Amino acid sequence: MPAGTTERRRNAFGIRRTTRSAPRLAAIAIGVIVFAAGCGTSPTPPASPGATAIGGSDLPPANGTSPSGSGTVASPAATAPTPAAAHWTDCGGGFQCATVSVPTDYANPGAASLNVSIVRLPASDPSERIGSLFVNPGGPGESGVDFVREAVDVFPRSLLKRFDLVGFDPRGVNFSTPIRCVDNLDNHLSLDPSPDTPAELEALVADARSFAADCAARNGNALAHVSTEDVARDLDQLRIAVGDEKLTYLGFSYGTLIGATYADLFPTRIRAMALDGAVDPALTLPEVRAGQAAGFETALDHFLADCAQRTSCLFHEGGQTRPAFDRLMARIDAHPLPATRSGDRRTVGPGLAWGAVLGSLYSDATWSGLDVALALAARGDGSGFLAMSDPFHGRNKNGSYLNQIDAYAANTCLDYPASHDVGSYTALANRVRPKAPDFADYAAYNDLVCAFWPTPATRTPHAVAAVGAPPIVVVGTTGDPATPYAWAKSLATELRTGVLVTHRGEGHTSFLVSSCVRRALEAYLTSVEPPPIGTSCD
């Protein structure tokens with residue numbers, strides 16, 4: 001989001017995250033590939049295994065071989081030219097900004113280029129400076145530039161003393177050469193994400209087809225070059241541009257997929273890498289969504305149970321919060337609510353209501369906001385839902401939108417082979433529904449746009465071994481709804497040098513909310529000595 005903007009969040013089932021207020025910062029650590037809206041970090045820094053892959057024979061074939069021999073990636077890149085040193089300029093608040101030119105297509109690096117925007121806060125003690133600490137908050141679609149500006153105070157002073165803190169907007173996002181598909185997403189977000197009738201499903205399909213067509217018309221060849229492998233190669237160019245011999249990296253949510261992909265491509269160029277809220281790169285898109293649906297279902301159950309136990313909860317409803325919630329959401333599905341207190345002319349139907357619920361479940365720090373929104377809605381006012389869903393979807397107060405949803409779709413449809421058969425998305429919803437009745441449809445139809453995407457996927461999900469890399473620390477939170485703990489365990493096992501740190505708690509990602517995790521990663525990033533095997537934080 002633009003510098004100084006605080007009202008920003010993410011795609012729905014994406015991985016993202018960022019904000020300035022406490023609940024916002026808690027949301028920062030939220031992010032991963034979250035349903036059609038996006039995902040990030042959850043302190044307020046914005047899918048899981050188990051489902052059978054869909055689409056079978058209509059999935060695009062994979063190309064190329066992984067550098068570490070652990071799977072497949074897109075076609076091999078040619079040798080990229082050495083980027084020019086970053087030219088830093090003062091951009092206020094002690095921060096410095098720069099733009100780095102990178103090849104649009106790494107298979108043909110001399111043909112065209114695009115810009116990647118970066119920001120840094122120089123190390124506070126140059127005499128003890130180690131190098132740069134690159135960070136990414138998640139998404140796809142989240143701004144690393146905004147994240148560094150907004151979350152800098154959460155980083156330990158010892159890290160800020162020894163490292164330049166560097167954030168970047170991945171290609172296609174925000175200040176970097178952006179992907180733009182639809183300017184006004186109000187109609188898109190008002191659609192019912194859980195179609196109950198053929199007409200509602202038809203509306204989702206028509207919207208997905210139209211969205212994909214608009215993306216193709218407005219972005220042309222750029223849509224073929226915004227994959228996570230492209231972003232990882234950009235990250236290596238940025239490492240060179242800031243003058244670091246090796247990469248020190250901290251990624252949240254979807255940012256962990258960027259990190260794992262970098263480790264797959266350039267394992268020997270890593271100094272230290274910490275991945276918080278891990279995405280398992282071996283999972284297919286249906287597996288990702290099935291895991292997320294189950295994770296958010298559990299988080300919703302926990303929220304409702306907590307509210308039922310506290311008479312101070314505004315949506316207490318005599319301790320019968322679950323049946324009251326079900327009745328309320330059914331009522332909104334049938335009759336959208338006016339936003340009385342906000343004075344907004346929009347009505348709040350199931351799309352905006354469920355977007356608000358989903359966004360609030362990334363962190364227990366935002367449960368209180370959901371409590372208020374539900375209490376207002378029970379009285380016939382959807383203002384609370386709008387106040388939560390707008391930042392989550394990247395809607396500014398003037399009605400304009402950040403490009404996080406556009407970038408999310410472009411990246412996801414390149415990263416994950418998806419079925420072109422609409423019926424397979426319905427089949428996935430039916431398979432997931434027993435474990436996640438509230439979020440099965442939301443998750444399954446989240447990526448319907450990929451069925452009509454104009455460019456084929458370029459990545460085949462595969463386990464990453466990163467042979468030759470130093471110890472890589474993977475952090476998983478036991479109650480993480482967006483990147484389930486099982487994913488962190490899997491990634492730590494797949495990586496030849498993976499070390500798992502467990503955070504026992506609620507919410508998406510943990511560095512920004514757990515002092516125990518911060519201390520463990522602070523020590524590792526500084527010394528490159530990983531935490532002891534079995535490290536656990538409560």
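Scope of the values below: all heavy atoms of this structure, side chains included, with no hydrogens, waters or symmetry mates. Just so we're clear, the structure is a prediction, and the values are computed from it rather than from any experiment. The first residue of the sequence shown is numbered 1, and numbering continues consecutively from there.
- A salt bridge is defined here as a Lys NZ or Arg NE, NH1 or NH2 lying under 4.0 Å from an Asp or Glu carboxylate O, and Asp236 with Arg233 fails to meet this definition.
- Within the structure, no pair that satisfies the disulfide bond (SG atoms under 2.5 Å apart) test touches residues 101-147, not counting sequence neighbours.
- Qualifying side-chain contact (heavy atoms from CB on, under 4.5 Å) partners for Arg157, counting only residues two or more places apart in sequence or in other chains: none.
- In this structure, Asp244 contributes its side chain and Leu247 its backbone to no donor-acceptor pair below 3.5 Å.
- Between the side chains of Ser227 and Asp230, at least one donor-acceptor pair of N or O atoms lies under 3.5 Å.
- Side-chain N or O atoms of Glu506 include none that pairs as donor or acceptor with a backbone N or O of Leu361 at under 3.5 Å.
- Within the 4.5 Å cutoff, side-chain heavy atoms of Phe168 are placed close to those of Val231.
- Using modelled atom types, one finds no donor on one side chain facing an acceptor on the other under 3.5 Å when comparing Asn136 with Tyr254.
- At distances below 3.5 Å, at least one donor-acceptor pair connects side-chain atoms of Tyr524 with backbone N or O atoms of Met273.
- With sequence neighbours excluded, the residues satisfying side chain to side chain donor-acceptor pair (under 3.5 Å) with Tyr485 are Thr502.
- Other residues, nucleotides and ligands place no more than 12 heavy atoms under 6.0 Å from the CZ atom of Arg496.
- A donor-acceptor pair shorter than 3.5 Å cannot be found between the side chains of Asp169 and Ser117.
- Remark: Tyr262 pairs with Phe266 by the ring-ring contact (aromatic ring centres under 6.0 Å, His included) rule, at least two apart or across chains.
- Residues meeting the ring-ring contact (aromatic ring centres under 6.0 Å, His included) test with Tyr401, sequence neighbours left out: none.
- Judged by distance alone, the side chain of Ser176 and the main-chain N or O of Gly172 form no donor-acceptor pair under 3.5 Å.
- Of the possible polar contacts, one joining the Arg518 side chain to the Phe511 backbone as a donor-acceptor pair under 3.5 Å is found.
- Looking only at atom types and distance, the side chain of Arg271 has a donor-acceptor partner in the side chain of Thr248 under 3.5 Å away.
- Side chain of Arg239 to backbone of Glu245: a donor-acceptor contact under 3.5 angstrom is found.
- Partners of Phe163 under the ring-ring contact (aromatic ring centres under 6.0 Å, His included) rule, at least two apart in sequence or in another chain, do not exist in this structure.
- Remark: Ser113 engages Ser101 in a side-chain contact (heavy atoms from CB on, under 4.5 Å) (not counting sequence neighbours).
- Residues that satisfy the side-chain contact (heavy atoms from CB on, under 4.5 Å) test with Asn398, not counting sequence neighbours, are Asn396, Ser400.
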Which side-chain N or O atoms in residues 526-537 pair as donor and acceptor under 3.5 Å with protein atoms at least two apart or in another chain?
unit_1, atom_1, unit_2, atom_2, d
Thr526, OG1, Glu522, O, 2.8
Ser527, OG, Ala523, O, 2.7
Ser527, OG, Glu529, N, 3.1
Thr535, OG1, Pro532, O, 2.6
Ser536, OG, Arg504, NE, 3.2

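- Side-chain contact check for His302 and Asp364: no donor-acceptor pair (N or O, by modelled atom type) lies under 3.5 Å.
- A donor-acceptor pair under 3.5 Å is formed between the side chain of Asp415 and the backbone N or O of Thr228.
- When the side chain to side chain donor-acceptor pair (under 3.5 Å) test is applied to Thr298, no partner is found at least two apart in sequence or on another chain.
- For Thr82, there are no side chain to side chain donor-acceptor pair (under 3.5 Å) partners two or more places apart in sequence or in a different chain.
- Qualifying side-chain contact (heavy atoms from CB on, under 4.5 Å) partners for Pro81, counting only residues two or more places apart in sequence or in other chains: Pro103, Pro109.
- In this structure, the side chain of Asp264 does not engage the main chain of Val464 through any donor-acceptor pair within 3.5 Å.
- Under the 3.5 Å distance criterion, the side-chain polar atoms of Arg459 are matched with a main-chain donor or acceptor of Pro281.
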